[in-house]
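This report refers to the structure that appears directly beneath it.
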Amino acid sequence: MTQPTPLTDRAALRRNRARAVRQGAETFLHDEAAAEIEERLGEVNKRFTAPAIVTGFPEAWSTILPGARIVEDTETLDLEPGAHDLVIHGLALHWANDPVGQLVQCRRALKPDGLFLGAMFGGRTLAELRAALAEAESRLTGGLSARVLPMGEIRDLGALLQRAGFALPVADAARKTVTYRTAFHLISDLRAMGEGNALSSRPRRAAPRALFPEAARIYAESYPAVDHRIAATFEMIFLTGWAPDPSQQQPLRPGSAASRLADALGATETPLGPFSKSGDH
């Protein structure tokens, strides 16, 4: 049986990240995500003694938990089952070929009642660049190529936590708008972040000479910002889940309430009469 082509070319992703690090990686979005995770940890009434951080940029994440075990975001994570009370997945899950598998591995690495926190880019990220490139390429060639990574929507990502077996799953999002002089400056910044095109289906031939100038023109016209700049959206989705444990709050069984709602509200309960159906609404 033919294996499906993976979404991400992991070798290309490693090259992109290594090039970014050599040239002085631009990690401001990693810094913001790490700061948000650190703030959320401060709100948890629990002390973590065996944390692990899964990331492609260790320098940006190691400062929030000195001494944490740093693990590269490979397809098979170097995590031991039940070894950690906290696992953080730091702004890398959007590149995973098997995001559910990554989440399952993180859950298995947690001790009972251990906490998982993840940060990743969501579906609204780079929506403007995606649209400008698509419009320019369709005008010039009549077709579309894989140039911007597709990213998950928050409702789907929250469901992944449940599929991975986490208890008390929560997904929420934060959107940030960054302005650039031109689309070329945005693309340059993406490369400096290690977020260049690492799709397995990316074009291997050089793009038409007019593609990027035309995309830059469309971008500037369609998504202007102040001072003749352009706006770029980055949506960060934060995932929270706990390794199941009997001590956690459990939902009540239907019909197990110990008191009536009418009593709690101080209201008089009025029985309903017989229910009848009608063909008119």
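One finds no salt bridge joining Glu153 and Arg124 here, because no Lys/Arg side-chain nitrogen approaches an Asp/Glu carboxylate oxygen to under 4.0 Å. Ion pair Asp73/Arg14 not flagged as a salt bridge, since none of the NZ, NE, NH1 or NH2 atoms sits closer than 4.0 Å to an Asp/Glu carboxylate oxygen. A salt bridge is absent between Asp245 and Lys111: the closest approach of a Lys/Arg side-chain nitrogen to an acidic carboxylate oxygen does not fall below 4.0 angstrom. Ion pairing between Arg69 and Asp78 holds under the 4.0 Å rule for side-chain N and carboxylate O. The existence of a salt bridge linking Arg217 and Glu214 is confirmed by a sub-4.0 Å separation between a basic side-chain nitrogen and an acidic carboxylate oxygen.
No more than 12 heavy atoms of other residues, nucleotides or ligands shown are found within 6.0 angstrom of CZ on Arg191.
Note on Leu126 and Leu133: same hydrophobic cluster, where clusters join Ile, Leu, Val, Met, Phe, Trp and Tyr whose side-chain heavy atoms are under 4.5 Å apart, directly or indirectly. Put simply, Met151 and Leu239 are part of two different groups of oily side chains (I, L, V, M, F, W, Y) that touch within less than 4.5 Å, one to the next.
Proximity of the aromatic rings of Phe212 and Phe184 is defined here by a centroid distance below 6.0 angstrom, and this criterion is not met.
A cation-pi arrangement is absent between Arg229 and Tyr180 under the rule of less than 6.0 angstrom and at most 45 degrees off the ring axis.
Distance check, rounded to the nearest 0.5 Å: CG of Asp172 to CD1 of Ile237 gives 9.0 Å.
Phe234 and Phe121 have tilted rings, their planes meeting at an angle from 30° to 60° on a 0 to 90° scale.
No side-chain donor from either of Gln105 and Thr76 sits under 3.5 Å from a side-chain acceptor of the other.
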- Query: Stepwise, does the side-chain hydrogen bond (donor to acceptor under 3.5 Å, both in side chains) test hold for Ser188 with His185?
  - Reply: CA-CA 5 Å; Ser188 176; His185 291 85; over 6 Å; no

